[in-house]
4 protein chains.
Amino acid sequence: MTTQHGSAGKTAAVPQRLLAEATRLFADRGFDRTSVQEIVEAAGVTKGALYHYFGSKDDLLHEVYARVLRLQTERLAAIAALEEPVADRVRKAAADVVVSSIQNLDDTKIFFRSIHQLSPDKQRAVRSDRRHYHEMFRSLIEEGRDTGVFRAEPVPDLVVDFFFGSVHHLAVWYRPDGPLGAEQVAEQFADLLLHSIRTS
Amino acid sequence: MTTQHGSAGKTAAVPQRLLAEATRLFADRGFDRTSVQEIVEAAGVTKGALYHYFGSKDDLLHEVYARVLRLQTERLAAIAALEEPVADRVRKAAADVVVSSIQNLDDTKIFFRSIHQLSPDKQRAVRSDRRHYHEMFRSLIEEGRDTGVFRAEPVPDLVVDFFFGSVHHLAVWYRPDGPLGAEQVAEQFADLLLHSIRTS
Amino acid sequence: MTTQHGSAGKTAAVPQRLLAEATRLFADRGFDRTSVQEIVEAAGVTKGALYHYFGSKDDLLHEVYARVLRLQTERLAAIAALEEPVADRVRKAAADVVVSSIQNLDDTKIFFRSIHQLSPDKQRAVRSDRRHYHEMFRSLIEEGRDTGVFRAEPVPDLVVDFFFGSVHHLAVWYRPDGPLGAEQVAEQFADLLLHSIRTS
Amino acid sequence: MTTQHGSAGKTAAVPQRLLAEATRLFADRGFDRTSVQEIVEAAGVTKGALYHYFGSKDDLLHEVYARVLRLQTERLAAIAALEEPVADRVRKAAADVVVSSIQNLDDTKIFFRSIHQLSPDKQRAVRSDRRHYHEMFRSLIEEGRDTGVFRAEPVPDLVVDFFFGSVHHLAVWYRPDGPLGAEQVAEQFADLLLHSIRTS
DNA sequence: AATGAATGAGTGTTCATTCAT
DNA sequence: AATGAATGAACACTCATTCAT
């Protein structure tokens, strides 16, 4: 239920190891198809240890979400706070979320595939955090629209849903060993977004 | 393939009923969280009946995919064959897939969430069909690029992945009882796509 | 429940075909591991046809036993009735049962492996027939013992059990494509039996 | 491997209890006709406990075979190593396997009736061990033949198959409450074997 | 901090048999 | 004489979780 931060054991601390292996396995075969036994074996501990640190399998998944949401919210907040033209900030935010989605491809896979497997209350918490993130991004679009930089037409909410569909979909098709590096994809996705919304 | 007992309407034939209930339940709670027991209870038959018509639970899911892929491929082929400027055909194709994705929202939900739960060989078959569809769409974009209507930069493959991320994501956020009708979303998604790729 | 003898269809009559395929399959994978579905598919008919001719899967197995017992009993009776020295009749009977067990190796396999899978009443019937056969053979041994040709010691019952264990075991080790033909094995088994019981 | 709770006797450790009950039930009604549920009920535990100790129902059967093969191989090796005339060693070995087959009648029943229900790889392992045992016995017969004590004619392999058919068949007819004790049967079987092969 | 034996409810699947046609 | 849809009970096996130690 709690996560230790003091480094203790020989290699990584037990809860961190469990979380890392769980993330890998959830991305690989999905939450429901990953057994607690597999997680503890991969982490080199026993079930008792897992249940000492985490209240349930569900908790483990929730931790993955919490970590990813925290990270992305922080990055977006930093970019939104820059003193730059709004179009530049939107471009940077869009590119940044693509890069971080690719760098944490396992988390991205889990994100859009496993929300429904969280318990209802945890699901609510995650969706609420996600909505907060969504609103931050929407605010940037609104700012651009209100200052005449972006077109009025597709309402900002729709634009955000449009773009984040593309971002989540990275987990489906992106291959680290493919022809495109994360930065290249990021630049082109940002380019597509900007073209799609800016006043012609 | 089906046995009707003279009466025309009311209760559909057993395999159709099973497939309909399975689709609803898979969309609702996911493939792994839907038990065969729940499906047969919803369809008002017994497990034996299900296994009389379908080889496995997996088969049922595969049928859902086959139906959706057949439908979308037919619609795209019809639009691609129209004698209209390529930009118009792309716009129509984009709008059409949004409309049909919203009209069959259950299938759309299942599509991007449950592929990984298909058996490897069925997964291969579905991905192959999907790739075929993707390539049809890509050909349209290529045609536009080669005729100077669309920009050269984001390669057509990337554009298709970008756009279909948005389409699949509809299943996550679209609400039939929300403010936007299917046609409105379709028009705006097509608009965003066209703006994002046409030569300025 | 009844067996047709009038040749009817194109190839063999349906019940005969069912019985033949069932025998092959029961020998191959055992009674419990052979499904009714497999039998009817092998025979090229449907379940309804099987249940038209046979009351149950059990019935099918019972027919196999009945056929084999009838055959062996007839052959033994014929040999026992010969007007020859008892030692010669025992030798012939022993050799003959070996030959017929090898010629009908599938039945032999089924015989000693699947009795316990018959319903209690059918099992009783088979055991009773088998006992009758055993007693016929035992009578020959007794005649030899009473006329001083065979030793008194191992009681005839034990001798019969000793020898028929060897015969049933043929199904376990005998290979039609092995080095020994049916007649060779028959001769040597008969030889072993005779040596084991005759007065030195 | 087992956890004893201080008290010495009464209830055996869980895996032993499971193995004992499984042996009894497999002998009683056959492997396929014994359900895992029946085994765990007889042992007074739940399915989970069984699968904690054994990988599968198949594993349980394999354990029975492993135990019986180990026991018989050890006994035969001990007898073969005695410094006695070969005829005496063969007689002792034959009598001994009869006694141990009767003393472990359940294992004997399972042995010749359920091999085919083992998974192919386990079956291979058991057959290989069995062949080893067979070859040890055959070596004794060969020694007797080469030293002129036994006849040349039925080749040793055939003699072994002949005799072990009789031994396995004990499971079919022997009754502990019948007129013959294990030692009596053993003596007479050994007597029959010796008479059947020794030089007259 | 951590073990591992054990639970109990649940899973997908099989199958002999029935019966209206 | 034969079909094939449908049943219902059983099957082997899995798994998140608990708890005494």
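In what follows, chains carry the letters A, B, and so on, assigned in the order in which the sequence lines appear, proteins first and then strands, with residues in each chain numbered from 1. In what follows, every heavy atom counts, from backbone to side chain, and hydrogens, waters and symmetry copies are set aside.
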Could you tell me how far apart H52(B) (NE2) and dG4(F) (C1') are, to the nearest whole angstrom? 5 Å

Output the single nucleotide from dC15(F), dA6(E), dT7(E) whose closest atom is nearest the side chain of V14(D). dA6(E)

Looking only at side chains, do T23(A) and D106(A) share a donor and an acceptor under 3.5 Å apart? no

The nucleotide from dT7(F), dT13(E), dA16(E) with an atom nearest the side chain of K57(C) is dA16(E)

Please confirm whether the shortest side-chain N or O distance from Y51(D) to OP1 or OP2 of dC13(F) is below 4.0 Å. yes

Could you state the NZ-P distance from K47(B) to dG10(E), rounded to the nearest angstrom? 12 Å

My understanding is that only one of F112(B), F111(B), F31(B) makes a ring pair (Phe, Tyr, Trp, His ring centres under 6.0 Å) with Y65(B); could you say which? F111(B)

Who is the Watson-Crick or G-U wobble partner of dA1(E), with both distances under 3.5 Å? none

Should dG10(E) form a Watson-Crick or G-U wobble pair with both distances under 3.5 Å, which nucleotide is its partner? dC13(F)

Figure out the CZ/P separation between F31(B) and dG12(E), and round it to whole Å. 8 Å

Can you tell which of dA16(F), dA16(E), dA6(E) lies closest to the side chain of S35(A)? dA16(F)

Looking only at the side chain of V36(B) (C-beta and beyond, no hydrogens), which of the listed nucleotides dT3(F), dG12(E), dA12(F) gets closest? dG12(E)

Hydrogens and angles aside, do H116(B) and R113(A) bring a side-chain donor and acceptor to less than 3.5 Å of each other? yes

Compare side-chain N and O positions of Y53(D) against OP1 and OP2 of dG4(E) and report whether any pair is under 4.0 Å apart. no

Is R33(B) salt-bridged to D28(B), cutoff N-O under 4.0 Å? no

Consider the side chain of T46(C), meaning its heavy atoms from C-beta on, and name the nucleotide among dA16(F), dA2(F), dA2(E) that approaches it most closely. dA2(F)

